[in-house]
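This report refers to the structure that appears directly beneath it.
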2 protein chains.
Amino acid sequence: MSEPAAGLNSEQLGAYFALIEVGSLLQYAVDEHLRADGDLSYVQFQILARLVDAPDGRLRMTDLADGVVYSRSGLTYQAGLLDKRGLITRAPSADDERSVMVTVTGAGRELVARVLPGHVERVRELLFASMTEADLAGLGSILGRVRDHMRAVPPRSAKPRAGRKRTG
Amino acid sequence: MSEPAAGLNSEQLGAYFALIEVGSLLQYAVDEHLRADGDLSYVQFQILARLVDAPDGRLRMTDLADGVVYSRSGLTYQAGLLDKRGLITRAPSADDERSVMVTVTGAGRELVARVLPGHVERVRELLFASMTEADLAGLGSILGRVRDHMRAVPPRSAKPRAGRKRTG
DNA sequence: TATTGTTATACTCTATAACTATA
DNA sequence: TATAGTTATAGAGTATAACAATA
């Protein structure tokens with residue numbers, strides 16, 4: 001990597017490493033907080049947060065999996081844990097008997113509300129404390145476009161990110 | 001999170017989510033490639049890459065752990081895997097008999113050289129393809145400063161504390 | 001005593017494949 | 001046949017604590 005790196009100049013390489021490192025450190029920090037403060041993994045928090053944001057606090061398993069980028073079985077596992085703790089409920093959908101609707105319970109909402117302040121506090125402290133207004137605008141703009149691009153790029157393996165099952 | 005989020009404005013929230021998502025998608029993509037192309041996890045690749053960059057291709061276990069931000073035992077586990085595959089060697093340090101020096105082997109260097117082109121290709125395709133020169137300069141500058149800040153921030157109470165004090 | 005690293009162990013998480021049931 | 005989800009299972013990875021050796 002001290003070499004030209006066969007396609008990335010040193011400025012790109014630096015930005016790439018910084019992005020990976022910042023993302024990792026940030027995730028590590030918030031994950032630590034969520035576990036200590038709410039006994040939640042980051043994934044579990046994301047699931048709950050999505051539900052809290054959803055109309056009626058309800059989403060199909062598949063929609064959740066699409067968002068969290070998990071295998072179905074992985075989501076079933078996590079949903080099982082959240083269900084056991086009374087943070088969500090699961091019931092067959094009325095529209096489509098194959099589907100399962102996941103709903104946040106009051107306890108789930110309360111837990112999210114409880115950990116959210118500390119969560120955003122960490123984020124602000126780590127990510128935004130050292131940024132100017134211009135930095136924030138620039139970062140948001142650039143990363144927003146990058147994200148859109150990433151989502152648009154067809155996955156190499158040519159299958160939808162949602163259910164990536166190797167060989168079905 | 002549809003609420004004011006108790007401390008982050010919507011611009012900050014958007015930047016935060018974009019950062020997490022971009023970082024995750026990027027890591028997922030390169031990890032997938034490294035496994036398919038070199039049977040390496042991202043962590044293993046990082047270890048090898050650091051060694052390739054180090055003088056004489058050698059580093060102490062502790063220095064590696066510091067860089068990769070893992071527990072010692074985790075690094076020992078990963079080093080064991082790489083050692084078994086002949087990609088690194090381990091030997092007691094001459095300076096300090098407690099230390100273990102890790103060295104990349106020729107096979108290790110070859111493997112890194114083999115996967116690197118595809119690796120950077122993915123990064124360019126996903127991360128840089130949609131960015132302008134100005135974007136790159138801005139992103140590198142901002143994230144570089146954020147990383148320095150994150151590294152400088154004293155880690156919150158490690159863990160043993162039940163209720164975290166020391167809010168600043 | 002503090003530091004370096006390994007080992008033993010337990011646990012979390014994720015993915016694959018086989019399965020059921022609905023469409 | 002295709003889709004939605006669960007289950008069984010297996011494997012990778014990580015953290016903790018106990019440990020040995022060296023400083």
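The chains referred to below are lettered A, B, ... by the order of the sequence lines, with proteins before strands, and numbering in each begins at 1.
Remark: R114(A) engages no residue in a salt bridge (charged side-chain N to carboxylate O under 4.0 Å, His left out) (not counting sequence neighbours). Under the rule for a side chain to side chain contact (heavy atoms under 4.5 Å, CB included), A91(A) has no partner lying at least two apart in sequence or in another chain. Residues forming a salt bridge (charged side-chain N to carboxylate O under 4.0 Å, His left out) with R109(A) (at least two apart in sequence, or on another chain): none. Evaluation of the side chain to side chain contact (heavy atoms under 4.5 Å, CB included) rule for A79(A) yields M61(A), I88(A), R90(A) as partners, not counting sequence neighbours. With sequence neighbours excluded, no residue forms a salt bridge (charged side-chain N to carboxylate O under 4.0 Å, His left out) with D148(A).
Rounded to whole Å, the distance from CD on E32(A) to P on dT14(D) is 16 Å. Regarding D83(B), its CG atom lies at a distance of 11 Å from the P atom of dT7(C), rounded to whole Å. As a whole-Å value, the separation of F45(A) CZ from dC13(C) C1' is 19 Å. Distance L59(B) CG to dT4(C) P: 14 Å, rounded to the nearest Å. Rounded to whole angstrom, the span from the CG atom of D39(A) across to the C1' atom of dC11(C) amounts to 13 Å. If you take CG of D31(A) and P of dA15(D), they are 10 Å apart, rounded to a whole angstrom.
The salt bridge (charged side-chain N to carboxylate O under 4.0 Å, His left out) contacts involving residues 10-22 of chain A comprise E21(A)-R147(B), E21(A)-R151(B), where partners must be two or more places apart or lie in separate chains.
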Going 5' to 3' through nucleotides 6-13 of chain D and flagging B where a protein heavy-atom sits under 4.0 Å of the base, S where only the sugar-phosphate is that close, and - otherwise, we get BB----SB
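By the 4.0 Å N-to-carboxylate-O rule, D63(B) lies close enough to R60(B) to be salt-bridged with it.
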At a cut-off of 3.5 Å, list every protein nitrogen or oxygen paired with a nitrogen or oxygen from nucleotides 20-23 of chain C, distance to 0.1 Å.
| from | atom 1 | to | atom 2 | distance (Å) |
| --- | --- | --- | --- | --- |
| dA23(C) | OP1 | E97(A) | N | 3.1 |

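The hydrophobic side chain of M101(A) is isolated, with no ILVMFWY side chain under 4.5 Å apart from it.
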